[in-house]
Amino acid sequence: MTTPTLDPLPTTPATTSTSGRPTAREVLYDIASGGPLRIFLAVLLSLAIGSLLIIFTNEDVLETLGYFGARPGDFFGAAGRAAGDAYAALFRGAVFNYNAGSFEAAIRPLTESLRFAGPLIAAGLGIALSFRVGMFNIGGQGQMLMGAAFAGFAAMWFPLPWGLHLLVAMAFGFIGAGLWAGIVGLLKAFTGAHEVIVTIMLNYIAVSLVTFFMRTPVLHDMESGNNPTARAPLPTAQLPRILGPDFALHLGFILCIAAVFVFWWLMERSKLGFRLRMVGLNPDAARTAGVNVKAVFIIAMVLSGLFVGLAGINQALGREGTFGPSIDAGIGFDAITVALLGGSRAFGVLFAGLLFGAMKAAGPSMQVQDVAPEVLIVMQGLIVLFVAAPPLVRQIFRFLPEPRVVVAKSSPRRSRVAPSAAATSAQVDTAQGDSANDGASKAEKESPL
């Protein structure tokens with residue numbers, strides 16, 4: 001009897017498609033789950049480019065360019081002052097105004113940053129959830145508008161006791177946003193419609209539909225004029241201010257922070273979250289494992305809409321006056337940036353929302369410093385560009401690691417065939433111990449790889 005010999009199996013990286021190129025789903029997953037170091041460097045690059053914009057649009061800096069050859073120090077001094085004054089204004093407008101005359105006025109910028117960050121965090125969580133499932137939900141605008149419209153309808157038409165009225169109005173907001181997002185999941189699950197096209201069209205429909213309702217008695221006070229506006233929520237349905245009447249920060253921010261922990265538990269600790277992540281990584285493998293992929297698509301979009309709906313509720317119930325069709329304030333699209341910057345993780349989205357909330361709050365202060373607010377918008381766009389282009393960032397920072405490569409490993413079997421570079425099957429020589437067959441026989445088996 002001779003001992004069977006097996007050639008070692010090669011451990012070549014597994015390709016993601018027959019052509020060796022990553023699929024669109026895998027590219028989206030790589031972008032959405034970027035490493036913290038790469039995201040930090042993307043923010044750093046955007047700040048550097050923003051600094052250049054600030055420097056080379058400053059009047060004092062431009063004057064020094066005329067005699068740069070004779071006195072280069074004037075240019076660098078003016079450039080440093082321009083950038084320093086701009087970022088000092090950003091700090092005063094977003095964190096702490098050290099020039100204020102009272103402590104309340106000094107910390108008001110921080111409370112404003114938190115107020116702006118609340119809906120960004122909530123909407124970012126909704127978009128991040130869709131990313132984790134391999135879907136691209138860009139319908140945040142429409143879902144926010146429907147959530148705000150439903151919440152506003154209940155807040156103005158259902159006079160209820162304080163507390164109960166707020167809960168009912170919030171429930172209406174969640175229902176409106178969840179149903180609007182659920183349409184996308186249903187169409188994708190049963191017709192194969194792409195969620196990007198569907199969400200874009202639903203955004204247009206939501207804007208027009210909510211505007212129409214704001215011209216009718218459904219939401220509009222017909223005695224207040226012809227401009228499309230919704231009635232102010234009743235005092236019993238307004239989100240209470242948590243720091244008193246002198247600050248605009250309200251309970252909505254606390255709810256958004258709670259949503260971060262709900263998102264973390266849902267995606268990282270629950271069985272449903274495991275199914276959501278499984279479908280996001282490989283829907284075919286999930287289907288083989290017994291997961292109802294169609295149901296997961298529907299559930300994922302509804303959950304995504306619920307988180308985005310919380311942002312709409314913040315916008316509608318966190319005020320005392322009326323609101324119009326522009327109540328989304330671009331948050332639905334900014335949430336995509338927040339989700340990308342946060343790596344589609346709960347606490348990453350939290351910090352990304354805080355960063356973008358600070359940028360929004362600092363806009364007026366920087367404008368007083370003769371820095372155009374569009375500079376901050378450009379910086380936000382650059383963050384998206386660098387986060388969405390990992391190879392570009394890796395080319396700039398060569399020390400960044402390459403994406404993780406999945407190595408194919410074989411399952412333990414008694415005999416297996418190692419595929420060669422030119423063939424997908426091989427012959428394995430085995431010794432037969434049976435007396436009726438004392439010669440060596442060859443069995444051709446298909447490679448498990």
Side-chain angles (χ1 to χ4, degrees), residues 114-126 139-183 206-207 209-222 224 228-245 247-260 262-263 302-329 331-332 335:
L114 298 180
R115 183 174 67 89
F116 281 113
L120 286 170
I121 293 170
L125 292 172
Q141 180 188 21
Q143 294 152 26
M144 274 193 64
L145 285 174
M146 296 306 293
F150 273 64
F153 176 81
M156 66 185 70
W157 284 109
F158 299 156
L160 296 170
W162 188 91
L164 178 61
H165 194 186
L166 178 60
L167 293 176
V168 170
M170 291 179 60
F172 266 70
F174 284 126
I175 291 172
L179 289 176
W180 200 252
I183 296 173
V207 171
L209 192 61
V210 171
T211 303
F212 169 71
F213 286 147
M214 288 183 178
R215 295 183 185 274
T216 66
V218 175
L219 293 176
H220 184 60
D221 183 2
M222 303 305 293
S224 63
T229 55
R231 297 184 183 186
L234 296 176
T236 52
Q238 296 173 9
L239 291 167
R241 299 187 178 185
I242 59 178
L243 295 178
F247 298 93
L249 185 65
H250 51 72
L251 182 63
F253 176 75
I254 304 298
L255 297 177
C256 293
I257 297 300
V260 173
V262 172
F263 180 92
V302 172
L303 292 174
S304 177
L306 292 179
F307 282 105
V308 178
L310 179 57
I313 293 170
N314 265 265
Q315 294 294 95
L317 305 183
R319 63 182 65 222
E320 299 177 354
T322 62
F323 58 89
S326 61
I327 190 173
D328 67 290
I331 295 172

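Numbers here simply count residues along the sequence, with the first being 1. Any value given below was found using the heavy atoms of this structure, including those in side chains, with hydrogens, waters and symmetry copies removed.
In terms of heavy-atom proximity, Arg319 sits nearest to Ala316 at CG-O, 3.5 Å. Counting all heavy atoms, side chain and backbone alike, Phe307 lies closest to Ala259 at CE2-O, 3.6 Å. Here the closest heavy-atom approach between residue Met144 and residue Gly332 is recorded as SD-N, 3.9 Å. Nearest heavy-atom pair across Gly321 and Pro233 is O-CD, 3.6 Å. Nearest heavy-atom pair, Val308 versus Ala123, reported as atom, atom and distance to 0.1 Å: CG2-O, 3.9 Å. Heavy atoms only, all atoms of each residue included: Asn314 and Gly252 are closest at OD1-CA, 3.1 Å.
Listed for the Trp157 side chain is a donor-acceptor partner under 3.5 Å among the backbone atoms of Val218. Without hydrogens or angle criteria, Gln143 side chain to Ala181 main chain gives no donor-acceptor distance under 3.5 Å. Looking only at distances, no side-chain donor or acceptor of Glu320 sits under 3.5 Å from a matching main-chain atom of Ala232. A donor-acceptor pair under 3.5 Å is absent between the side-chain atoms of His220 and the main chain of Pro228, judged by distance alone. Between the His165 side chain and the Ala154 main chain, a donor and an acceptor come within less than 3.5 Å of each other.
For the atom pair Met156 CE and Asp221 CG, the distance stands at 9.5 Å (nearest 0.5 Å). A distance of 11.0 Å separates CG of Leu249 from CG of Leu239, quoted to the nearest 0.5 Å. With values rounded to the nearest 0.5 angstrom, Arg215 atom CZ is found 10.0 Å from Met222 atom CE. Atom CG of Leu114 is separated from atom CZ of Phe247 by 11.5 Å, given to the nearest 0.5 angstrom. To the nearest 0.5 Å, atoms CZ (Phe263) and CG (Leu306) are separated by 13.0 Å. Atom CD1 in Ile327 sits 11.5 Å away from atom OG1 in Thr229 (nearest 0.5 Å).
Taking the side chain as every heavy atom from C-beta outward, Leu166 and Pro240 approach each other to under 4.5 Å. Contact of the Cys256 side chain with the Leu310 side chain is registered, since non-hydrogen atoms from C-beta on lie closer than 4.5 Å. Looking at heavy atoms from C-beta onward, Thr236 lies out of side-chain contact with Leu160 at the 4.5 angstrom threshold.
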Q.
side-chain contact (heavy atoms from CB on, under 4.5 Å) for Ile313 and Leu255? Distances and angles first, verdict last.
A. CA-CA 10 Å; Ile313 293 170; Leu255 297 177; over 6 Å; no

Q: Apply side-chain contact (heavy atoms from CB on, under 4.5 Å) to Gln315 and Asp328, showing your working.
A: CA-CA 7 Å; Gln315 294 294 95; Asp328 67 290; over 6 Å; no

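A tilted orientation is assigned to the rings of Phe172 and Phe150, their planes being inclined by 30° to 60°.
Ring to ring, Phe153 and Phe213 are not that close: their centroids are 6.0 angstrom or more apart.
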